[in-house]
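A quick write-up on the structure given underneath.
For reference, positions follow the sequence shown, starting with 1. Keep in mind that this is a model prediction, so the values were computed, not measured.
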Amino acid sequence: MRKSIFISGGASGIGCQVALRFHREGWIVGVYDRDERALAALNEEYPGIVTGPLDVTDAQQWEEALADFASHTGGRLDVLDNNAGIIGDGDIVDQSPEVIAAQNNVNCTGAVLGARAAHRYLKGTKGSHLVNMGSASAIYGQPHIIPYSASKFYVTGLSEALDLEWRRDGIRVVCLMPLWVKTKLADVEAASTKRLGVRITPEQVAEAVWKAVHPRNILERQRRFYSVSTTDLVFRYLRRIVPQPVVRLVNMLVAG
């Protein structure tokens with residue numbers, strides 16, 4: 001039986017590259033998104049990829065999308081990639097209540113609803129994975145993108161908790177924490193995009209997803225958080241060992 005991956009918000013950007021990476025390996029790939037035009041373009045170029053509509057903030061749509069995908073896989077789900085996410089730009093006082101709420105709804109509630117709906121499929125598939133798309137902005141709270149940064153702390157906590165809650169079900173939960181990636185989400189005025197640069201490609205993140213769900217040995221299977229570049233790896237480990245005042249100072253210099 002061919003392995004399968006379901007990707008939310010996968011019609012463009014990182015999710016699309018994840019889809020193509022797994023598609024090249026012969027997996028059954030499902031891309032579900034609310035962008036109908038992007039879905040149609042993807043389906044036209046890669047007719048072997050399963051596509052469908054999905055608003056991740058709607059629990060019923062999650063149930064319907066996963067049931068639709070399962071009809072193509074015989075009920076098998078090896079990987080759920082909780083990829084969908086949005087960002088708001090600007091200081092907190094300049095972001096509207098609607099923009100703030102949307103980030104919470106998509107990035108936080110959407111991820112939980114996806115995990116909840118996918119659980120029975122993942123539990124029924126030996127060696128399955130839940131991949132949550134986190135961010136290096138969850139290493140230390142970032143100004144100018146506060147709701148987004150805070151939502152990624154939520155994703156980090158969600159990943160840790162689900163890893164414990166689902167261990168008895170044989171589901172491995174991992175979380176990627178890259179710095180800025182060359183997608184539309186990086187098109188913001190946050191100072192960190194200028195000082196650190198936007199250097200990571202969606203293809204690099206897709207490769208990290210592939211490696212994360214293919215642990216090399218039993219030690220690798222104990223790993224839960226993945227960086228994509230050397231820089232975000234260094235930031236993540238420094239956060240653990242460097243005194244808090246120093247971490248704050250570094251982030252002041254980076255984030256402005």
Side-chain angles (χ1 to χ4, degrees), residues 3-25 27 29-33 35 38-39 42 45-46 49 51 54 56 78-87 103 106-108 110-111 114-115 118 129-139 142 145 148-149 151-156 158-159 163 172-188 190 192-193 196-216 220 223-237 239:
K3 291 187 175 182
S4 63
I5 179 172
F6 180 108
I7 307 163
S8 68
S12 60
I14 293 172
C16 184
Q17 291 305 317
V18 172
L20 298 183
R21 178 68 177 88
F22 282 74
H23 181 62
R24 288 196 300 271
E25 298 292 338
W27 284 44
V29 176
V31 172
Y32 289 74
D33 201 303
D35 188 337
L39 284 174
L42 179 65
E45 187 168 2
Y46 298 95
I49 293 179
T51 60
L54 174 62
V56 297
D78 294 271
V79 179
L80 169 67
D81 182 6
N82 253 334
N83 171 77
I86 61 173
I87 192 169
Q103 290 171 85
V106 172
N107 301 352
C108 301
H129 286 74
L130 169 65
V131 177
N132 287 325
M133 186 53 63
S135 167
S137 67
I139 296 172
Q142 295 298 300
I145 52 166
Y148 176 81
S149 176
S151 74
K152 293 306 180 178
F153 275 90
Y154 181 101
V155 171
T156 298
L158 171 68
S159 301
D163 176 56
R172 182 168 175 257
V173 180
V174 299
C175 181
L176 270 68
M177 300 182 68
L179 282 166
W180 294 107
V181 182
K182 294 178 182 179
T183 67
K184 291 181 180 179
L185 261 69
D187 188 19
V188 294
S192 58
T193 61
L196 294 175
V198 183
R199 307 180 188 281
I200 300 173
T201 66
E203 290 84 357
Q204 286 176 290
V205 182
E207 187 63 29
V209 173
W210 176 261
K211 290 179 178 178
V213 301
H214 290 87
R216 295 166 294 180
E220 177 74 11
R223 185 178 176 187
R224 294 297 179 264
F225 291 92
Y226 287 80
S227 299
V228 177
S229 71
T230 301
T231 305
D232 52 58
L233 178 65
V234 169
F235 272 106
R236 190 157 62 87
Y237 277 94
R239 182 68 176 87

For the atom pair OH (Y237) and OG (S227), what is the distance rounded to the nearest 0.5 Å?
7.5 Å

Side chains of residues 5-20: which donor-acceptor pairs under 3.5 Å do they make with residues two or more places apart or in other chains?
| residue | atom | partner | partner atom | Å |
| --- | --- | --- | --- | --- |
| S8 | OG | N83 | N | 3.1 |
| S8 | OG | A84 | N | 3.1 |

Identify each donor-acceptor pair in which a side-chain atom of residues 172-186 lies under 3.5 Å from a protein atom, sequence neighbours left out, and give them as a table.
| residue | atom | partner | partner atom | Å |
| --- | --- | --- | --- | --- |
| R172 | NE | R221 | O | 3.0 |
| R172 | NH1 | H129 | NE2 | 3.0 |
| R172 | NH1 | A212 | O | 2.6 |
| R172 | NH2 | E220 | O | 3.1 |
| R172 | NH2 | R223 | O | 2.9 |
| R172 | NH2 | Y226 | OH | 2.7 |
| W180 | NE1 | S192 | OG | 2.9 |
| T183 | OG1 | L185 | N | 3.3 |

Closest approach of R236 and F225, non-hydrogen atoms and distance?
NH2-O, 3.4 Å

Side chains of V79 and W27, heavy atoms from C-beta outward: is any pair under 4.5 Å?
yes

Can you see which heavy atom on D232 is nearest to which on I139, and at what distance?
O-CD1, 4.0 Å

Shortest non-hydrogen contact from A111 to L158?
CB-CD2, 3.9 Å

Nearest non-hydrogen partners of I145 and S137, listed with the distance
CD1-CB, 4.3 Å

To the nearest 0.5 Å, what is the distance between CD on E25 and CZ on R21?
4.5 Å

Heavy atoms only: give me the nearest N107-S151 pair and the separation to one decimal.
ND2-OG, 3.1 Å

Count the heavy atoms of every other residue, nucleotide or ligand shown that sit under 6.0 Å from CG of D35, and state whether that count exceeds 12.
yes

OH of Y154 to CG of N132, rounded to nearest 0.5 Å, is 10.5 Å

Minimum side-chain heavy-atom gap S159-D163 below 4.5 Å:
no

Spacing of CZ belonging to R199 relative to OG1 belonging to T230, to within rounding of 0.5 Å
12.0 Å

What's the spacing between S135 OG and I87 CD1 if we round to 0.5 Å?
7.5 Å

Interatomic spacing from CD in Q103 to OH in Y148 - rounded to 0.5 Å:
9.5 Å

Derivation of the side-chain contact (heavy atoms from CB on, under 4.5 Å) call for D78 and F22:
CA-CA 12 Å; D78 294 271; F22 282 74; over 6 Å; no

